[in-house]
Number of protein chains: 2
Amino acid sequence: MPTPAAAIATRAYAPLPPSGKWKDDADTHRPVSILSALGAVVGYDRNAEIYGEDASAEHVFVVLSGAVRICKLMGDGRRQIEAFCLPGDVFGWEASGRHRFSAESVCDTKVVRIKRSILFARASDDAELAHALWSLTVAELHRAQNHLLVLGRKNAQERVATFLVDIAARSGTGTDEVLLPMSRQDIADYLGLTIETVSRTLTHLEERGAIALPSSRRVVLRDRHALRQLNS
Amino acid sequence: MPTPAAAIATRAYAPLPPSGKWKDDADTHRPVSILSALGAVVGYDRNAEIYGEDASAEHVFVVLSGAVRICKLMGDGRRQIEAFCLPGDVFGWEASGRHRFSAESVCDTKVVRIKRSILFARASDDAELAHALWSLTVAELHRAQNHLLVLGRKNAQERVATFLVDIAARSGTGTDEVLLPMSRQDIADYLGLTIETVSRTLTHLEERGAIALPSSRRVVLRDRHALRQLNS
DNA sequence: CGATTCATTGACTAGAATCAAATACCGTGG
DNA sequence: CCACGGTATTTGATTCTAGTCAATGAATCG
């Protein structure tokens with residue numbers, strides 16, 4: 001069993017290629033735009049901590065550009081990434097006054113940071129805002145529930161295929177090419193696998209002709225039908 | 001921030017004294033109690049379908065007694081139980097107009113069934129209710145997030161230990177004995193394991209002295225410290 | 001260019017799944 | 001009350017997927 005320090009050290013955060021691709025600013029539709037008006041824009045370098053586990057929960061955040069991982073560490077260094085937040089996603093909801101996960105930028109990232117006190121004060125007067133808060137939270141819940149099915153009942157190939165299709169849909173470049181902002185370690189910790197298994201599975205999907213890998217961070221979805229079947 | 005999540009944690013134990021319990025004045029500040037006043041009590045036999053996947057979402061439910069499983073089936077029959085709902089828990093939230101999971105009674109169960117249309121109409125006038133809806137949803141989200149860590153990164157022993165400690169805490173009989181309303185298959189589908197692995201793991205925990213199994217549905221937590229370590 | 005980190009590949013292992021069988025449990029009807 | 005049939009659970013033997021350990025190859029940055 002690796003020591004915590006060693007385990008964490010072996011997944012050191014590596015510098016990422018500066019990638020202009022992740023800066024397409026937030027779309028101005030849906031409840032998110034209501035929120036964006038209530039806070040200030042803050043920027044983070046890659047791998048910066050936005051908040052830590054158990055930190056007092058003062059703010060709620062909306063991603064404008066870049067990507068954020070929401071994660072939890074176990075005592076021995078095992079890590080679970082609960083979600084990747086892409087532009088338009090909201091994170092930082094808490095029922096108690098403390099964050100139960102940490103949030104870190106995956107790459108250079110801009111967010112809108114909104115004071116919870118302001119948000120809730122407004123929500124008590126503004127039924128539309130209150131409903132927006134609720135439906136954003138339900139959307140989060142649905143994402144978590146889908147992820148439960150992936151982690152509980154899908155094999156490695158299905159997990160990776162599901163991940164690729166999901167990221168492609170959410171990053172919403174109409175094309176078949178996806179740019180992954182996150183490392184293999186991040187993907188592994190999101191899918192409940194190891195980096196080796198993620199890597200092997202991607203290679204296998206490429207051999208099957210389901211995807212192409214022009215570079216390690218670029219994935220072309222060649223056979224969406226095959227991928228969707230693995231997604232079932 | 002008020003902390004409705006704390007109120008949920010103090011919920012009453014299964015086979016609950018019939019619904020009167022939820023109308024006590026002392027309870028009226030709890031989100032669940034606010035809801036319970038808005039619907040009618042409905043009873044279900046064991047293994048009855050409360051709603052199916054893709055069913056139109058007309059109602060939200062509060063468990064009064066018994067237990068409910070929220071689950072999803074894959075095409076080939078694999079099943080993931082997303083949550084067990086015990087007395088005091090709320091289920092049936094949807095952002096869209098359709099349920100994305102099915103809900104089934106695990107044993108004889110009573111619920112309060114509340115029309116969504118009524119609920120939302122009230123919520124738009126009543127900030128307290130709106131906030132209660134939101135915080136109940138956040139509590140659900142947190143439960144799902146904890147479960148992600150279990151499914152993504154814990155081994156069989158840790159999963160079962162976590163499950164037992166969680167159920168014990170939520171059933172909230174101050175004692176160390178837990179009555180499991182659900183079958184081994186249900187537990188397996190909740191924990192992302194097989195029935196054989198669940199059974200073997202329980203046997204193993206008993207051999208270790210962490211638990212006792214007077215009968216298959218009764219578990220005595222003998223060494224909470226050991227269990228909590230597996231929970232870490 | 002090196003130095004460093006990241007990703008891929010290979011060989012082997014471990015833990016849970018699968019396949020199969022025995023045992024315990026429960027409600028029913030004699 | 002007991003025998004019976006069906007179901008749930010436990011236990012055993014074996015297989016297989018993903019994990020671990022180790023090395024190599026690729027990419028990036030100073």
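Chain letters run A, B, ... following the sequence lines, proteins first, then strands; residues in each count from 1.
Of the N and O atoms on the side chains of B:T173 and B:S171, not one donor lies less than 3.5 Å from an acceptor on the other residue. Between the side chains of B:K154 and B:T162, at least one donor N or O lies within less than 3.5 Å of an accepting N or O. Using a 3.5 Å distance cut-off with no hydrogens or angles, the side chains of B:N231 and B:R224 do not pair a donor with an acceptor. Side chains of A:E58 and A:S56: a donor on one and an acceptor on the other come within 3.5 Å. Side-chain contact annotation: A:E94 with B:H142, donor-acceptor N/O pair under 3.5 Å present. Remark: the B:Q157 side chain and the B:H204 side chain contain an N/O donor-acceptor pair separated by less than 3.5 Å.
Taking the six-membered ring wherever Trp is involved, the centroid distance between the rings of B:F61 and B:Y51 falls below 6.0 Å.
Closest non-hydrogen pair, B:V68 versus B:A103, comes out as CG1-CB, 4.1 Å. When all heavy atoms of A:L151 and A:G192 are compared, the closest pair comes out as CD2-N, 3.9 Å. Of all the heavy atoms in B:E82 and A:L148, the pair that sits closest is CG-CD1, 3.4 Å.
For the pair B:L180 CG and D:dA8 P, the computed distance is 16 Å after rounding to whole Å. What separates CG of A:L213 from C1' of D:dA27 is a distance of 15 Å, to the nearest Å. Taking atom CD on A:Q185 and atom C1' on D:dT20, their separation rounds to 14 Å, with Å as the unit. Rounded to a whole Å, the CG atom of B:L202 is 11 Å from the C1' atom of D:dT10. We find that CD of B:E206 is positioned 14 Å from C1' of D:dT11, with the value rounded to whole Å. Taking atom CZ of A:R46 as the reference point, atom P of C:dT5 lies 14 Å away to the nearest angstrom. Rounding to whole angstrom units, CZ of residue B:R218 and P of D:dT10 are separated by 14 Å. D:dA27 atom C1' lies 15 Å from atom CD1 of A:I195, rounded to whole Å.
A:E104 places no side-chain N or O within donor-acceptor distance of the main-chain N or O of A:I50, the cut-off being under 3.5 Å.
B:S183 comes within contact range of the sugar-phosphate backbone alone, with a heavy-atom separation under 4.0 Å but no base atom that close.
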Please tabulate, one pair per line, each protein N/O and nucleotide N/O from nucleotides 25-29 of chain C that are separated by under 3.5 Å, including the distance.
none

* Which dot-bracket string describes DNA chain D (Watson-Crick N1-N3 plus N6-O4 or O6-N4, or G-U N1-O2 and O6-N3, all under 3.5 Å; [ ] crossing; | other strand)? -> ||||||||||||||||||||||||||||||
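At the phosphate of C:dT5, neither OP1 nor OP2 sits under 4.0 Å from any side-chain N or O atom of A:R184. Considering only side-chain N and O atoms, A:R217 lies nowhere under 4.0 angstrom from the phosphate OP1 or OP2 of D:dA27.
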* Structure fact -> Contact string for nucleotides 10-20 of chain C, one letter per nucleotide 5' to 3', B = base within protein heavy-atom range under 4.0 Å, S = sugar-phosphate only, - = neither, reads BB----SSBB-
